[in-house]
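Below: one structure, written as structure tokens.
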There are 2 protein chains.
Amino acid sequence: MDLDQLLILLKKKGYKTTPQRKTILTVLLEQKDNLLTAQGINLECIKHKKNTNITTIYRNLELLNEFDLVHKVISDDGTAHYKLKCIENHHHHLICKGCGKMEVIDYCPIKILENLSESKSFTLTDHKLELYGYCKQCN
Amino acid sequence: MDLDQLLILLKKKGYKTTPQRKTILTVLLEQKDNLLTAQGINLECIKHKKNTNITTIYRNLELLNEFDLVHKVISDDGTAHYKLKCIENHHHHLICKGCGKMEVIDYCPIKILENLSESKSFTLTDHKLELYGYCKQCN
DNA sequence: ATTGATGCAAACTTTTTGCACAGAC
DNA sequence: GTCTGTGCAAAAAGTTTGCATCAAT
């Protein structure tokens with residue numbers, strides 16, 4: 001999925017194409033599987049010399065989240081990190097308890113735990129699996 | 001692990017036994033595998049007629065977290081939820097995207113995805129596996 | 001022309017910090 | 001008596017909201 005496809009998708013839903021929206025999506029597309037905070041996106045926008053108000057960034061991220069277009073991960077310090085869903089090929093993250101660095105691992109949950117430590121030279125201490133969906137009442 | 005054991009453990013590390021600390025630990029022990037926010041703990045303290053300043057709660061949770069005695073889960077709205085690690089028998093959570101309810105599932109990541117939907121009548125839409133540990137540099 | 005989008009400032013929520021006083025050892 | 005713990009108030013950080021204005025369709 002590229003910039004134009006995303007914009008067309010939003011346009012179909014009644015959302016306009018604006019320079020700010022373009023910049024934010026461009027930044028997210030560039031980052032691929034990297035997780036970025038709202039502040040991080042802001043900095044990237046500045047690098048592109050396309051200053052974008054932080055409020056606008058939040059509002060666009062919320063919009064993207066509504067249509068399930070971004071993956072939102074909340075880190076241990078409570079800050080939200082985002083990346084586009086459309087470019088991810090289903091994988092997960094290694095999060096270093098030392099430096100907080102988030103690294104991508106390409107495989108899916110099942111059976112990765114054992115052969116992970118050596119292949120990434122990452123010492124596993126803990127893991128969190130959170131499953132989302134709808135419970136009996138909400139279904 | 002019960003209240004006295006926890007208090008002894010902390011005392012060994014140089015931390016004093018105070019009524020507030022006792023109340024907070026008592027509340028956490030009662031909740032077993034339930035996840036509680038700092039505010040939630042506050043409410044429970046009030047129910048016990050042992051009012052405890054919210055700051056004190058945060059400070060004690062931080063202390064417990066330092067010694068890896070609590071499990072800290074951050075939800076999608078950015079609020080931290082806690083429970084004691086010492087009473088959990090390694091499991092994970094189902095988080096309803098509708099109401100946000102967090103329910104315990106007793107098994108571990110591997111191979112639960114397939115037989116989950118029917119056994120809990122929970123419609124899975126998404127899941128997040130986050131692995132924590134130390135990377136090459138931090139090791 | 002209409003309706004959504006933006007920018008600014010201010011509000012809000014959760015969490016953290018500074019400081020004086022209280023209390024556990 | 002010492003030193004950690006507490007409560008209060010204020011600050012900080014991230015995020016959200018209200019409102020007037022701007023701009024894409």
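So you know, we letter chains A, B, ... as the sequences are listed, proteins then strands, and number each from 1.
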- B/Asn65 versus B/Leu69: any side-chain heavy-atom pair under 4.5 Å? no

- Message: Within the 4.5 Å heavy-atom criterion, are B/Lys85 and B/Asp68 side-chain neighbours or not?
- Response: yes

So which protein N/O to nucleotides 22-25 of chain C N/O distances come out below 3.5 Å?
residue: C/dG23; atom: N2; partner: B/Lys16; partner atom: NZ; Å: 3.4
residue: C/dA24; atom: O3'; partner: B/Thr17; partner atom: O; Å: 3.3
residue: C/dC25; atom: OP1; partner: B/Lys11; partner atom: NZ; Å: 3.2
residue: C/dC25; atom: OP1; partner: B/Thr17; partner atom: N; Å: 3.3

- Side chain of A/Ala80: nearest nucleotide among C/dT6, D/dT15, C/dT15? D/dT15

- Message: Just the rounded figure in Å: distance from P of D/dG7 to CD1 of B/Ile57.
- Response: 9 Å

- Note on the structure: Rounded to whole Å, CG of B/Asn42 lies from P of D/dC8 at a distance of 11 Å

- Message: I need the CD1-P distance between B/Ile74 and C/dT14, as an integer number of Å.
- Response: 13 Å

- On DNA chain D, nearest-nucleotide positions of B/Gly14 versus B/Thr56: which is more 5'? B/Gly14

- Query: A/Arg21 pairs by side chain to side chain contact (heavy atoms under 4.5 Å, CB included) with which of A/Ile24, A/Thr23, A/Leu25?
  - Reply: A/Leu25

- Message: How about NZ on A/Lys72, more than 12 heavy atoms from neighbouring residues, nucleotides or ligands closer than 6.0 Å, or not?
- Response: yes

- May I ask you to test the B/Leu10-B/Lys16 pair for a side-chain heavy-atom distance under 4.5 Å? no

- Which angle, rounded to 10°, do you find between the first-five-pair axis and the last-five-pair axis of the helix from C/dA1-D/dT25 to C/dC25-D/dG1? 30°

- Task: For the pair B/Lys47 and B/Glu44, find out whether any cationic side-chain nitrogen is under 4.0 Å from an anionic carboxylate oxygen.
- Result: yes

- Name of the residue among B/Ile8, B/Asp2, B/Leu3, B/Leu7 meeting side chain to side chain contact (heavy atoms under 4.5 Å, CB included) with B/Gln5: B/Asp2

Within the sub-3.5 Å range, which N or O atoms of nucleotides 17-19 of chain D have a protein N or O partner, and how far apart are they?
residue: D/dG18; atom: O6; partner: A/Arg59; partner atom: NH1; Å: 3.4

- Atom NZ of B/Lys13 and atom P of D/dC3 are separated, to the nearest Å, by 22 Å

- Straight-line distance of A/Thr26 OG1 to A/Lys50 NZ, nearest 0.5 Å: 8.5 Å

- Message: Considering every strand and a 4.0 Å limit on heavy-atom distances, what is the contact class for B/Asn60: base, sugar-phosphate, or nothing?
- Response: sugar-phosphate

- Task: Round to a whole Å and report the spacing from OH of A/Tyr58 to C1' of C/dT6.
- Result: 17 Å

- For DNA chain C, whose closest nucleotide is more 5', that of B/Tyr82 or that of A/Leu63? A/Leu63

- Task: Can you tell me the distance, in whole Å, between the CD atom of A/Gln39 and the P atom of D/dT16?
- Result: 12 Å

- Does some side-chain heavy atom of A/Ile41 sit less than 4.5 Å from a side-chain heavy atom of A/Thr52? no

- Message: How many whole angstroms separate atom CD1 of B/Ile54 from atom P of D/dG7?
- Response: 11 Å

- Out of D/dT16, C/dC8, C/dT6, which has the shortest distance to the side chain of A/Asn53? C/dC8

- Which atoms form the tightest heavy-atom contact between A/Gln31 and A/Leu36, and what is the distance? CG-CD1, 3.4 Å

- Item | Interatomic distance where CG belongs to A/Leu61 and P belongs to D/dT15 [whole Å] | 9 Å

- Query: Between B/Asp77 and A/Ile74, is any pair of side-chain heavy atoms under 4.5 Å apart?
  - Reply: no

- Per atom distances to the A/Arg21 side chain, the nearest of D/dT6, C/dT14, C/dA5 is C/dA5

- 4.5 Å side-chain heavy-atom contact, A/Leu9 and A/Met1: yes

